[in-house]
Each structure stands twice: as structure tokens, then as C-alpha cells.
Number of protein chains: 2
Amino acid sequence: MRAATDFEMDLSQTPARLLDAAESLFAEHGVDGASMRQIAHKAGANLAACHYHFGSKEGLVRAVFQRRLSELNAARLAALSAYEAQAHPQTPKPHQILDAFFGTSLRFARQDSGGAVFMRLLSRSATDPVFFIRNFVAQESEGVIFRFKNALFNSLPEVPQDEIVWRFHFMLGAMSYALAGIDVLKVLAHIDVTPSELEGADEVLQVRLMAFLLGGLRAPLPEAELPVLAKRTRTVAAAKGKSAPRNSTNKRKADLAAAK
Amino acid sequence: MRAATDFEMDLSQTPARLLDAAESLFAEHGVDGASMRQIAHKAGANLAACHYHFGSKEGLVRAVFQRRLSELNAARLAALSAYEAQAHPQTPKPHQILDAFFGTSLRFARQDSGGAVFMRLLSRSATDPVFFIRNFVAQESEGVIFRFKNALFNSLPEVPQDEIVWRFHFMLGAMSYALAGIDVLKVLAHIDVTPSELEGADEVLQVRLMAFLLGGLRAPLPEAELPVLAKRTRTVAAAKGKSAPRNSTNKRKADLAAAK
DNA sequence: GTATGATTAAAACGACTGTTTGAATCGTTT
DNA sequence: AAACGATTCAAACAGTCGTTTTAATCATAC
């Protein structure tokens, strides 16, 4: 059996095979739903090898995420830096910033080596019931999010920063759902979408999602419709323009529309 | 102990207490992460009572979802019917259709009796690793989604139906993420958002999310940017307008902008 | 009162979980 | 060849899971 593994295992190193198996099973059944025994079996390794190489299941989870997340975040930052250098001394356009973040993510999901599987896992992790997972991926991407957040701030100086933060959040949700939620789409499209058809994000999804995100980011500001008696102003952080007539095209609206 | 329960348990019936406890624990730890023993303990009931009243854990899950999902979907349909009657013989505006679906959902999340808890559970269920859960909630809302989908079709006759389906999907993702993903927002906002502050969706979130969704729905169509060599045309379902010069404001764009 | 059906209680079932152990094996160095 | 650390192996650990079982208790009707 040992001699046979030499040719049928492309990556003969046990840790790499364990990472691949864990990534696949985590994406399919969830981190909690995939057992160490299943992972070891799929990797063709012994159960104890998991703990020998990664210490614990949590250590394995960390390794699975870090392996690809570091690469993805580096690609995101590189794309943003390229746009910034290209636009210097001005600031990149919003649609360029979105492409650097979300476009890079969707292209990452289309790369050969299991990028689609990992992106589905990553998308699910944001709403994972286990706190450790949510917290880990959030902190792992903290620096990247900070840079993109500021890039959007500079690119949309007229838009309140709170609004940008919220819309960044909404955009993350739209992308995550598109990459992770497939059964809902089956009902929506009323067809049987085979997983292989949506495995990862093809060009069609990418183009459509990017258009949607940009439209949402550039939507007219809703401040005029905020209820007059806000329960608390802390999360809103001091609305600057107090109120404006609702059905008149105010200045902010024009600013946003011209921001492309 | 039995006499004490009479005044401290508002709902003295065991099944209702079990449903409340299960709903809360499912939303917090996930369906798989919450055990029947935890649920029974939180409900002040015996472990066997869960199986006596609901047969199995799957039966309990079904009951938890059905209890509120039927009410939520009825409210969605009622809101849409009201808009349709108001606009008759014309069709409701897109922002009215969005309000009937997403606005009703967000208002449902703000109602007193555990609506916020259930909406977080419902939002997570769409990307749940367990197939049964994804499939169950998808089928349970199938009729509602069908009606809203057609309402959007009629309201946006110039927009390809495939595009509407995809954007409906994206909008669902943005809302689900906003209701379920809190740790990402903590990093985004770079503040410590206490759960109680975001418990459910307050008016601010609702107004901001609705503006974002409407902006995404009304975004310019990206068809002109589709790659010339699409790998498969099946998911796109026969692009009608073949191609158009990229940086020219085409007719569809104008249609969408005037669709509000 | 007793009998009857619905509900609750405590305990146990087998199967699975993550983790650990100690011996057996591997590849490499001396 | 001998010895060594690195790695793998089968087996068992204590614990939890969903579920079932059997007996006890409840409310209610005769």
C-alpha cells in the first residue's frame, strides 16, 4: 500500500493532503460537521497524523484558512496598490476599488486549485455558528478591510463614512451569499442548477455581481428618509446633513451619481 | 418545582417552551451545535419531552422554522398584494416590491417576540452545511419567491429575467449577511458593536439596506461587458441583445434608470 | 373511588466525537 | 550495520450525541 501511494498521491506530503481533505470536507459539511476521522480517511492518512501535524482540530482549521487566506488577501492588496499607482496622484475610482476586492475574490474562486471550494468555505465562515471561526477569519482580514475601507473613504469623500461601512458590509453579504448559497438560487431560478455549473464563480456571475455591487454602492443616500425620532444616534455617528425634502434631488444624490 | 413553574413560565405549555428554547439555541450555536439536552434544559423540560412532542430533532427543527416562517411569508404576500391593489391596474414599482419582501422581513426582525432571533437563524440557514435545513427553508418559501419573482418581472419588463433572478439572489445575500454576520461588521466599523445594539435590525439598518438593495437592483446592465467567448450559454439563457459598445449609454441603461 | 390516556421522569442504549497513548515503522546520519 | 529522530499505526480514552425504554405521574372521565 505504501508503494502505491507514491504515484497516486500528487502531493505525497501528509500535511498538504490533510489540508486539502479538510478544506473540501469543511466546505461541504461545515467545520463542525466534518470529523477528524473523515478528514484522515479522505487524505489517506491516519487519524493520529492530524494531531501530530496540527495539534488539534482548531489548529487544522487555522491552517486550512491561513493557507489560502494569506494568498487571497495579498492578491487583494496587490490589485488595490496597482490601481492606486495607476491613478496617482489621484484616487482610484470606486469601481476599481470594488474590482480590487470583490473582483479579485471572484477570480480567486475561479482558479484551478480548489479556489472555488475554499471560497465557499470562506463565505460560510462569516456566519458560522462557532465563534472561533467567525472571529478568526475576521481578524485575519482586518488589515485588508482597513485599507479598502480607507480607499473607499478617499474615493467617495462626499459620502458619510458610516454609510460606506454599511454598504461594504452589504456588498460582502451579496458576494458571500452568491458563493455559498446555492439551494436558494435553485428555487429562485426554478431550475436544477447542478453544483458543477456553479462551482466557483464563472465569468457570468462575476460580471453580474460586480454590476450589482457597484449599483448598490452608488445608490442615493437614504438620509432624508431616516425617521425623525431615531432611537439612538451612536451607531449613526452624528448625521451631518440633518434633513432634506424627500422627493427633491439633493446634492449628495448628484455627487454619488457622478462618482463613477 | 411544579408549582413554581406556573408563574415563572409565561407559556406553560411544554411544546411552546421547547420551540422558544430551540429557536434561541439554534440561532446562537447553529442547529448542529445545539443539543437536545441543552434545549430541554433551557426550556425547563425533560429530554424525552422533545422526542415525545416532536418525534426527532429534525421534527423539532421543522416546527421551529414553520412556526415563524409561515407568519413571515404570509406577511410578505399580504404586503405585496396591498401594493398590487394600490397600483391596479398598473404594476407596483420596484421599490414597493422590495419593501414588500425585504422591508417586511426587516420589520419582522424588529418585532418584540423573538423576531430578531429567528431572522438571524433564518439568515444563517440559507448557507447551513446541513442539506436538510437549506432545502427545507428553500422549499418552504418557494411559493413566495415565485410570486415576488414574477412581480419583479412585470415591474421591470425591459430587464432580462435572468438578470432579475440573479439580482434577487444578491439582494437576499445582502440582507441575510446584514442580519446574521455581526463579527465582520465589528471589524469593518472598527468598534465594539454589542450584540444588543444590532439585535434584530433597527430602523437605521432597514433604511440603509433598502437604499442599497434598490441601487443594486437598478444598476446598469452589464451585458455589454460579458466576455465574447462565454464558456456556456445555458445559465445565461440566450442573451437577447448580442453586444453593444461598452462606454455608450445604451437603451437598457436608460430603461433601468427610469424604472423607479 | 378507580380506570384511562396523556405527559413527564430517570436511566440506559449504541454510535460518534476529539484526543491521547505506546509501539511499530520510516528515512537519514553516523 | 547501528542508531537516531521523524512519522505512522492501531487501539483505547472519556465525553457527548440522538434516541429509546420503562416506570412514574398527571389530569380527567366514569
Side-chain angles (χ1 to χ4, degrees), chain A residues 1-9 11-26 28-65 128-133 136, chain B residues 1-9 11-26 28-65 128-133 136:
Chain A
M1 182 188 292
R2 287 182 305 276
T5 60
D6 285 338
F7 86 96
E8 69 184 4
M9 302 282 189
L11 289 176
S12 61
Q13 296 192 14
T14 303
R17 291 205 321 269
L18 284 174
L19 285 179
D20 289 339
E23 181 180 70
S24 171
L25 289 174
F26 286 166
E28 189 175 359
H29 303 114
V31 173
D32 257 40
S35 71
M36 301 290 270
R37 284 170 178 83
Q38 294 175 8
I39 295 169
H41 177 73
K42 179 159 191 168
N46 191 273
L47 171 60
C50 302
H51 293 87
Y52 176 79
H53 290 285
F54 301 100
S56 64
K57 185 172 186 179
E58 180 169 324
L60 177 59
V61 173
R62 294 187 118 92
V64 165
F65 276 98
D128 198 281
V130 180
F131 171 76
F132 145 69
I133 296 174
F136 176 69
Chain B
M1 181 188 291
R2 287 181 306 274
T5 59
D6 285 339
F7 86 96
E8 68 185 3
M9 304 282 191
L11 290 177
S12 60
Q13 296 192 13
T14 304
R17 292 206 319 270
L18 284 174
L19 285 178
D20 289 339
E23 181 179 71
S24 170
L25 289 175
F26 286 165
E28 189 175 0
H29 303 113
V31 173
D32 257 40
S35 70
M36 301 289 270
R37 287 171 176 82
Q38 293 175 5
I39 294 169
H41 178 73
K42 180 158 189 169
N46 191 273
L47 171 60
C50 301
H51 292 88
Y52 176 78
H53 289 287
F54 301 100
S56 63
K57 186 173 185 179
E58 180 171 323
L60 177 59
V61 173
R62 293 187 119 91
V64 165
F65 276 97
D128 198 282
V130 181
F131 171 76
F132 145 69
I133 297 174
F136 176 70

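Chain identifiers are assigned alphabetically (A, B, ...) following the order of the sequence lines, protein sequences preceding nucleic acid strands; residue numbering begins at 1 within each chain. For clarity, every value in this text was computed on a predicted model and none was experimentally measured.
A:F26 CZ to A:I133 CD1: the interatomic distance, rounded to the nearest 0.5 Å, is 7.5 Å.
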For nucleotides 17-22 of chain C, give me every protein contact, N/O to N/O, under 3.5 Å, one pair per line with atom names.
unit_1	atom_1	unit_2	atom_2	d
C:dT17	OP1	A:S35	OG	3.1
C:dG18	OP1	A:K57	NZ	2.7
C:dG18	OP2	A:M36	N	3.0
C:dG18	N7	A:R37	NH1	2.9
C:dG18	O6	A:R37	NH2	2.8
C:dT19	OP2	A:H51	NE2	3.1
C:dT19	OP2	A:K57	N	2.8

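With sequence neighbours left out, B:E28 forms a salt bridge (charged side-chain N to carboxylate O under 4.0 Å, His left out) with no residue at all. Scored by the side-chain contact (heavy atoms from CB on, under 4.5 Å) test, B:A63 finds B:L19, B:F54 as partners (sequence neighbours excluded). The side-chain contact (heavy atoms from CB on, under 4.5 Å) check on A:H29 picks up A:L25, A:Q38, with sequence neighbours excluded. Taking the side-chain contact (heavy atoms from CB on, under 4.5 Å) definition, one finds that A:A40 meets it with A:C50, sequence neighbours left out.
Regarding B:H53, its NE2 atom lies at a distance of 9 Å from the C1' atom of C:dA6, rounded to whole Å. One atom, OH of B:Y52, and another, P of D:dT21, lie 15 Å apart when rounded to the nearest Å. When rounded to the nearest whole Å, the span between CD of A:Q13 and P of D:dT8 equals 10 Å. The CG atom of B:N46 sits 17 Å away from the P atom of D:dT22 (whole-angstrom rounding). Atom NE2 in B:H41 sits roughly 17 Å away from atom C1' in C:dT8 (whole-Å rounding).
Within the structure, every pair that satisfies the side chain to side chain donor-acceptor pair (under 3.5 Å) test and touches residues 52-65 of chain B, not counting sequence neighbours, is listed here: B:E58-B:R62.
Note on A:T14: every side-chain N or O is 4.0 Å or more away from OP1 and OP2 of D:dT7.
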